Asker: 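Okay, handing you the structure first.
Nothing here was measured: the structure is a model prediction, and the numbers come from that model. One is the number of the first residue; the rest follow in order along the sequence. One-based numbering, in listed order, for ligands and for the atoms of each.
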Amino acid sequence: MKPLLGEKFIHNGEAVKLPLDFVRQLSLKVQQERPESRCDKVMDTLSGCALCLPNLTQLSSCCCCREHRPPLCIEIKPKCGFLPSSRHVTKEIKNQVCRFCMHQHFKLAHGKWKRLSRYCLITQPAISILSVSIQGGECIYSCKDDADVLQDLDELAQHLRPYFLPSGSLMNGHQSSKVVLNELIQVIVSALLSSWDPRKTHLSEGRVRCEASLLHRDLLRNTNHCLPKDCVLDKILGTQMLDNLDIEGLNPLFKRVEQHLQDFPKERSSLQIDGPYSHSFLEKIQKCPTEDDGSIEYAVGKVHQYRVAMTAKDCSIMITIATCGEEDGLDQSLEIQPSKPRFTYSVSILDLDPKPYDSIPHQSRLDSKIVNHYLRSTLPNNQELANQSVFLGWDREGEDCTLVFHPV
Ligand SMILES: O=P(O)(O)O[C@@H]1[C@@H](OP(=O)(O)O)[C@H](OP(=O)(O)O)[C@H](O)[C@H](OP(=O)(O)O)[C@H]1OP(=O)(O)O
Ligand SMILES: Nc1ncnc2c1ncn2[C@@H]1O[C@H](COP(=O)(O)OP(=O)(O)OP(=O)(O)O)[C@@H](O)[C@H]1O
């Protein structure tokens with residue numbers, strides 16, 4: 001992922017061995033802390049291996065030590081940043097509404113989420129804050145399912161006040177909360193959009209407006225869709241866009257690979273179906289023909305590209321910021337306005353586990369379920385269709401099992 005997402009955002013980590021007993025105890029502790037919706041996840045307690053990474057809630061050049069204020073760490077899961085433009089897409093709604101918005105309805109119906117979020121990366125310039133922690137691990141804000149969001153944000157603002165409002169400020173109550181949160185968001189956005197060369201900007205390709213976004217239309221109209229070249233969001237978006245066929249275009253290629261592996265099982269390893277994720281794997285991704293020439297190389301290249309794109313669609317960004325003085329003279333410092341505090345920051349990408357090859361059929365089924373559920377549950381014109389859906393071939397789970405008659 002490093003060559004694709006950029007050296008500076010990714011930490012290799014080091015594979016380390018851990019005593020199995022320690023891992024078992026850790027797993028028990030972690031399991032107790034998991035929110036209900038994530039209790040199906042378990043830690044791998046059998047391999048005895050772990051990845052040792054630097055603590056990304058801290059800054060390496062710690063000018064903040066002088067400041068007496070611990071750094072703030074903000075974690076964001078951006079999810080997919082574009083609408084498909086593949087000719088293989090069969091359902092028009094996928095060109096209008098992003099998967100994240102459609103998936104939310106599906107998750108709500110199945111009890112995974114308790115409410116719809118206003119977050120939609122496709123259309124909005126705003127940032128939805130997922131979690132903020134202070135160095136030392138104290139979490140001061142986290143997107144909880146059933147919490148009172150406004151009250152939580154007020155509490156968050158109280159914590160952040162010393163970072164963003166001068167100590168003598170007379171502002172208080174709701175007004176100051178608003179100012180403080182706006183300042184935080186400005187700093188986050190600046191870190192997300194910062195690149196080594198601020199003059200380089202480019203327009204993101206493809207359709208950029210998700211029609212299901214809950215954000216106000218006026219806000220959407222004024223949105224500028226430029227991303228500075230090489231900023232973290234640009235790198236992630238570019239990698240996500242390796243999925244240019246959509247799962248609907250990829251599925252037949254996956255079947256081609258499956259057939260090939262049945263005929264030539266020994267080629268599984270040279271085609272690097274299960275890795276290793278080496279230089280030659282990267283070459284298969286980068287040198288994949290642009291048009292389908294019917295070859296196995298094309299099919300494998302597209303499958304690999306899709307898996308890498310899926311990883312980039314599910315990664316997190318960690319931004320750590322600390323206030324600093326002018327005398328710190330750091331390379332990566334943000335000055336939002338000359339009269340306001342200066343910040344130093346670091347931006348990293350994490351959770352880059354490769355998505356397994358075997359998950360592709362699941363992704364294909366899930367895609368139909370999400371789209372069918374969305375069409376049935378949200379579009380008023382489809383209400384009648386929804387009532388008849390069982391007869392038309394949609395089962396209760398929203399899976400498309402339509403019986404298609406072909407002319408003979
Ligand atoms: O399918 P999505 O878009 O909901 O993404 C899943 C994530 O959901 P969320 O980002 O919370 O909405 C999901 O996150 P959570 O566990 O719900 O926090 C996982 O990251 C999942 O990956 P994997 O299947 O465990 O490898 C993710 O699954 P895939 O990326 O494999 O689809
Ligand atoms: N290097 C790091 N420094 C600080 N915090 C980290 C670091 N790596 C991960 N975290 C925190 O731990 C969380 C879980 O990490 P990650 O998503 O990589 O693990 P995971 O194995 O996918 O978790 P799960 O078992 O829940 O699926 C991250 O969302 C982040 O909050």
Side-chain angles (χ1 to χ4, degrees), residues 1 9-14 16 23 26-45 47 49-60 71-81 98-114 116-117 119-121 128-145 236 239-240 243 247 250 306-320 346-367 369-371 373:
M1 300 305 286
F9 299 121
I10 298 182
H11 304 268
N12 282 349
E14 189 193 342
V16 291
V23 181
L26 188 63
S27 165
L28 282 175
K29 253 185 138 57
V30 168
Q31 214 57 33
Q32 288 162 10
E33 298 290 326
R34 284 191 195 273
E36 198 187 315
S37 61
R38 304 189 82 250
C39 280
D40 53 330
K41 305 261 168 176
V42 282
M43 229 164 102
D44 173 1
T45 50
S47 74
C49 289
L51 194 62
C52 183
L53 288 160
N55 182 354
L56 297 172
T57 63
Q58 292 176 345
L59 283 169
S60 47
L72 291 167
C73 179
I74 298 102
E75 181 171 2
I76 295 168
K77 198 167 182 180
K79 303 301 288 185
C80 183
C98 77
R99 177 186 140 119
F100 179 80
C101 285
M102 286 198 269
H103 204 171
Q104 286 198 67
H105 287 267
F106 186 77
K107 288 185 176 182
L108 198 69
H110 290 83
K112 165 126 197 213
W113 286 357
K114 295 208 171 84
L116 292 177
S117 125
Y119 182 78
C120 172
L121 189 75
S128 202
I129 305 166
L130 297 187
S131 77
V132 180
S133 57
I134 292 191
Q135 182 182 343
E138 188 200 346
C139 185
I140 55 173
Y141 176 79
S142 176
C143 233
K144 283 175 253 141
D145 270 351
I236 293 176
T239 310
Q240 293 180 344
D243 166 22
I247 186 67
L250 188 86
Y306 175 80
R307 289 176 53 206
V308 166
M310 284 300 289
T311 298
K313 287 180 194 178
D314 197 37
C315 68
S316 295
I317 306 172
M318 203 98 144
I319 303 163
T320 305
S346 78
V347 179
S348 313
I349 305 176
L350 46 107
D351 205 358
L352 294 171
D353 326 1
K355 295 289 174 184
Y357 169 79
D358 302 336
S359 69
I360 292 175
H362 160 76
Q363 287 298 344
S364 176
R365 285 192 299 272
L366 183 62
D367 182 67
K369 286 185 189 182
I370 292 170
V371 175
H373 176 85

Asker: Check whether T311 reaches the backbone of R307 with its side chain - one donor and one acceptor, N or O, closer than 3.5 Å.
Answerer: yes
Asker: Calculate, to the nearest 0.5 Å, the distance between atoms CD1 and CD belonging to I370 and Q363 respectively.
Answerer: 8.0 Å
Asker: Determine, stepwise, if the pair I360 / I247 fulfils side-chain contact (heavy atoms from CB on, under 4.5 Å).
Answerer: CA-CA 8 Å; I360 292 175; I247 186 67; 4.0 Å; yes
Asker: Could you tell me which atoms of ligand 2, counted from 1 in the order shown, lie closer than 4.0 angstrom to a heavy atom of R38?
Answerer: 26 (O), 27 (O)
Asker: Quick one: does Q240's side chain have a donor or acceptor within less than 3.5 Å of a partner on D314's backbone?
Answerer: no
Asker: Nearest heavy atom to atom 3 (N) of ligand 2: which of D351, V42, T57, L56 does it belong to?
Answerer: L56
Asker: Please determine whether any non-hydrogen atom of H11 lies less than 4.0 Å from an atom of ligand 2.
Answerer: no
Asker: Test of understanding: given a 4.0 Å heavy-atom threshold, classify the contact between P54 and ligand 2 as side chain, backbone, both, or neither.
Answerer: backbone
Asker: Within a strict 4.5 Å, meaning less than it, do heavy atoms of the H103 and L366 side chains meet?
Answerer: yes
Asker: Donor-acceptor pair, distance only, cut-off 3.5 Å: does the side chain of S346 make one with the backbone of L59?
Answerer: no
Asker: Within the structure provided, determine whether E75 and L350 are in side-chain contact (heavy-atom separation under 4.5 Å).
Answerer: yes
Asker: Once rounded to the nearest 0.5 Å, what's the spacing between atom OG of S316 and atom CD1 of I74?
Answerer: 13.5 Å
Asker: Heavy atom to atom 10 (N) of ligand 2, shortest distance: which of L51, D44, L350 holds it?
Answerer: L350
Asker: Apply side-chain contact (heavy atoms from CB on, under 4.5 Å) to the pair V371 and M102, showing each step before the final yes or no.
Answerer: CA-CA 7 Å; V371 175; M102 286 198 269; 4.2 Å; yes
Asker: Taking non-hydrogen atoms within less than 4.0 Å of ligand 1, which protein residues qualify?
Answerer: R38, K41, K77, K79, R99, H103, K107, K112, W113, M310, D314, K355, Q363
Asker: For T239, what residues pass the side chain to side chain contact (heavy atoms under 4.5 Å, CB included) criterion, not counting sequence neighbours?
Answerer: M1, L4, L5, L242, V308, A312
Asker: On a heavy-atom basis, I'd like to know which of M43, R34, Q31, E75 is closest to atom 24 (P) of ligand 2.
Answerer: R34
Asker: Considering the heavy atoms of M318, write down every atom of ligand 2 situated less than 4.0 Å from one of them.
Answerer: 4 (C), 5 (N), 6 (C)
Asker: I'd like to check which ligand 2 atoms, numbered from 1 as shown, lie under 4.0 Å from a non-hydrogen atom of N55.
Answerer: 3 (N), 4 (C)
